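Remember, it's a predicted structure, so these values are computed and weren't measured experimentally.
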Amino acid sequence: MASDTPVHSPGELPDAETLYARLLAGVKQEFSKTPSEKTWLVGIHSGGAWLAERLQRDLGLEGNVATLNVSFYRDDFHRIGLHGNSQAQPSSINFPVAGAHVILVDDVLYTGRTIRAAMNELFDYGRPDSIRLAVLLDRGGRELPVAACVVAAHIPLPPESAFVLSRLDNGNFSLALEKDSVHE
């Protein structure tokens with residue numbers, strides 16, 4: 001965990017736009033570490049894809065953002081299914097993954113299973129030179145050894161709670177705390 005990453009309690013839910021600004025600054029710094037022509041953003045559906053789309057625009061990157069739908073790659077798919085999403089978005093990787101530097105973007109890091117699934121799917125497209133993770137929130141509760149390079153905030157949550165990121169009509173983000181019906 002970076003020493004400047006804020007730690008909040010669930011009772012003090014920060015503004016999603018403030019968190020996004022921190023995420024943007026961190027991703028910009030990660031881009032400076034690798035050749036820009038070989039570095040790509042990949043958002044995980046759905047919140048991570050929304051964040052990656054906006055990061056792509058705000059960083060002035062050309063083209064469409066790459067996205068992954070890791071539903072069928074999850075090791076717990078038999079238990080949680082598609083999270084009630086009957087119209088799951090397909091993955092869209094629009095660059096040669098082999099030899100690329102990938103910045104994987106997601107909204108909330110929890111157990112690590114979504115990230116493991118995303119890495120498995122990425123390797124089906126080719127072997128990247130590196131994969132780094134950027135997340136809006138790290139809620140703790142890891143079941144797999146996964147850590148993010150960029151974290152806008154750490155907010156520990158009990159398993160029965162969940163963060164829900166929403167994209168408003170104007171493109172801004174909103175964050176809410178809800179009861180979790182299916183643990184990730």
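Side-chain atoms of V150 and I103, non-hydrogen and from C-beta on, never get closer than 4.5 Å to each other. Residues L133 and C149 fail the side-chain proximity criterion, which asks for heavy atoms closer than 4.5 Å. Side-chain contact between H8 and L13: absent, with no pair of heavy atoms (C-beta onward) separated by less than 4.5 Å. Residues I155 and P14 have side chains in contact (heavy-atom distance under 4.5 Å, counting atoms from C-beta outward). Between Y125 and P96 the shortest side-chain heavy-atom distance does not fall below 4.5 Å.
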Apply the test side chain to side chain contact (heavy atoms under 4.5 Å, CB included) to residues V151 and L109: give CA-CA distance (whole Å), side-chain angles for both, the deciding distance (0.1 Å), then the verdict.
CA-CA 9 Å; V151 179; L109 177 57; 5.8 Å; no

Show your reasoning for whether side chain to side chain donor-acceptor pair (under 3.5 Å) applies to S174 and S166.
CA-CA 5 Å; S174 173; S166 300; 5.2 Å; no

Before you tell me yes or no, could you show the steps for L136 and L165 under side chain to side chain contact (heavy atoms under 4.5 Å, CB included), namely the whole-Å CA-CA distance, both residues' side-chain angles and the distance that decides it to 0.1 Å?
CA-CA 10 Å; L136 197 65; L165 182 69; 3.8 Å; yes

Show the numbers, then the answer: is there a side chain to side chain contact (heavy atoms under 4.5 Å, CB included) between L104 and R132?
CA-CA 6 Å; L104 195 56; R132 287 165 288 154; over 6 Å; no

Quick one, T114 with Y73, criterion side chain to side chain contact (heavy atoms under 4.5 Å, CB included). Give me CA distance, side-chain angles, the key distance, then yes/no.
CA-CA 8 Å; T114 297; Y73 282 80; over 6 Å; no

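Within the model, atoms CD of E30 and OG of S130 stand 9.0 Å from one another, a figure rounded to the nearest 0.5 Å. Remark: I93 CD1 to L122 CG distance equals 5.5 Å, nearest 0.5 Å. Rounded to the nearest 0.5 Å, atoms CZ (F163) and CD (E178) are 11.5 Å apart. One finds the NE2 atom of H45 at 5.0 Å from the CD atom of Q89 (value rounded to the nearest 0.5 Å). The line from CG of L41 to CZ of R54 is 14.0 Å long, rounded to the nearest 0.5 Å. The CG atom of D106 sits 8.0 Å away from the CG atom of L51 when rounded to the nearest 0.5 Å.
Enclosure of atom CG in N170 by more than 12 non-hydrogen atoms of other residues, nucleotides or ligands within 6.0 angstrom is indicated. Heavy atoms of other residues, nucleotides or ligands lying less than 6.0 angstrom from CG of N64 number 12 at most.
Cluster annotation: V164 and V108 are assigned to distinct hydrophobic clusters (Ile/Leu/Val/Met/Phe/Trp/Tyr, side-chain heavy-atom contacts under 4.5 Å, transitive).
S161 contributes no side-chain N or O that, together with a main-chain N or O of L157, makes up a donor-acceptor pair within less than 3.5 Å. Side-chain N or O atoms of R57 include none that pairs as donor or acceptor with a backbone N or O of E62 at under 3.5 Å. Put simply, the side chain of N69 never gets that close to the backbone of S91: no donor and acceptor are under 3.5 Å apart. One N or O on the side chain of Y20 and one on the backbone of L55 form a donor-acceptor pair closer than 3.5 Å. Listed for the R139 side chain is a donor-acceptor partner under 3.5 Å among the backbone atoms of P158. In this structure, R127 contributes its side chain and G99 its backbone to no donor-acceptor pair below 3.5 Å. With hydrogens and angles disregarded, a donor-acceptor distance shorter than 3.5 Å links the side chain of Q56 to the backbone of G63.
Residue V135 comes nearest to A148 through the heavy atom pair CG2-CB, 3.9 Å, listed as atom of the first residue, atom of the second, then distance. The two residues P6 and R22 have their closest heavy-atom pair at CG-NH1, 3.0 Å. Annotation for A153 and L19: closest pair CB-CD2, 3.5 Å, computed over non-hydrogen atoms. Between A118 and I44 the shortest heavy-atom distance is CB-CD1, 3.8 Å. The minimum heavy-atom distance linking V146 with G112 is given by the pair CG2-O, 3.9 Å.
Relative to the ring axis of Y110, R142 does not place its NZ or CZ within 45° and under 6.0 Å from the centre.
Side-chain polar atoms of S92 and T67 form no donor-acceptor pair below 3.5 angstrom.
Aromatic ring pairs are classed by plane angle as parallel below 30°, tilted from 30° to 60° and perpendicular above 60°; the pair F95 and W40 is parallel.
E160 and K179 are not joined by a salt bridge, as no carboxylate oxygen comes within less than 4.0 angstrom of a charged side-chain nitrogen. A salt bridge does not link E17 with R167: every distance from a Lys NZ or Arg NE/NH1/NH2 to an Asp or Glu carboxylate oxygen is 4.0 Å or more.
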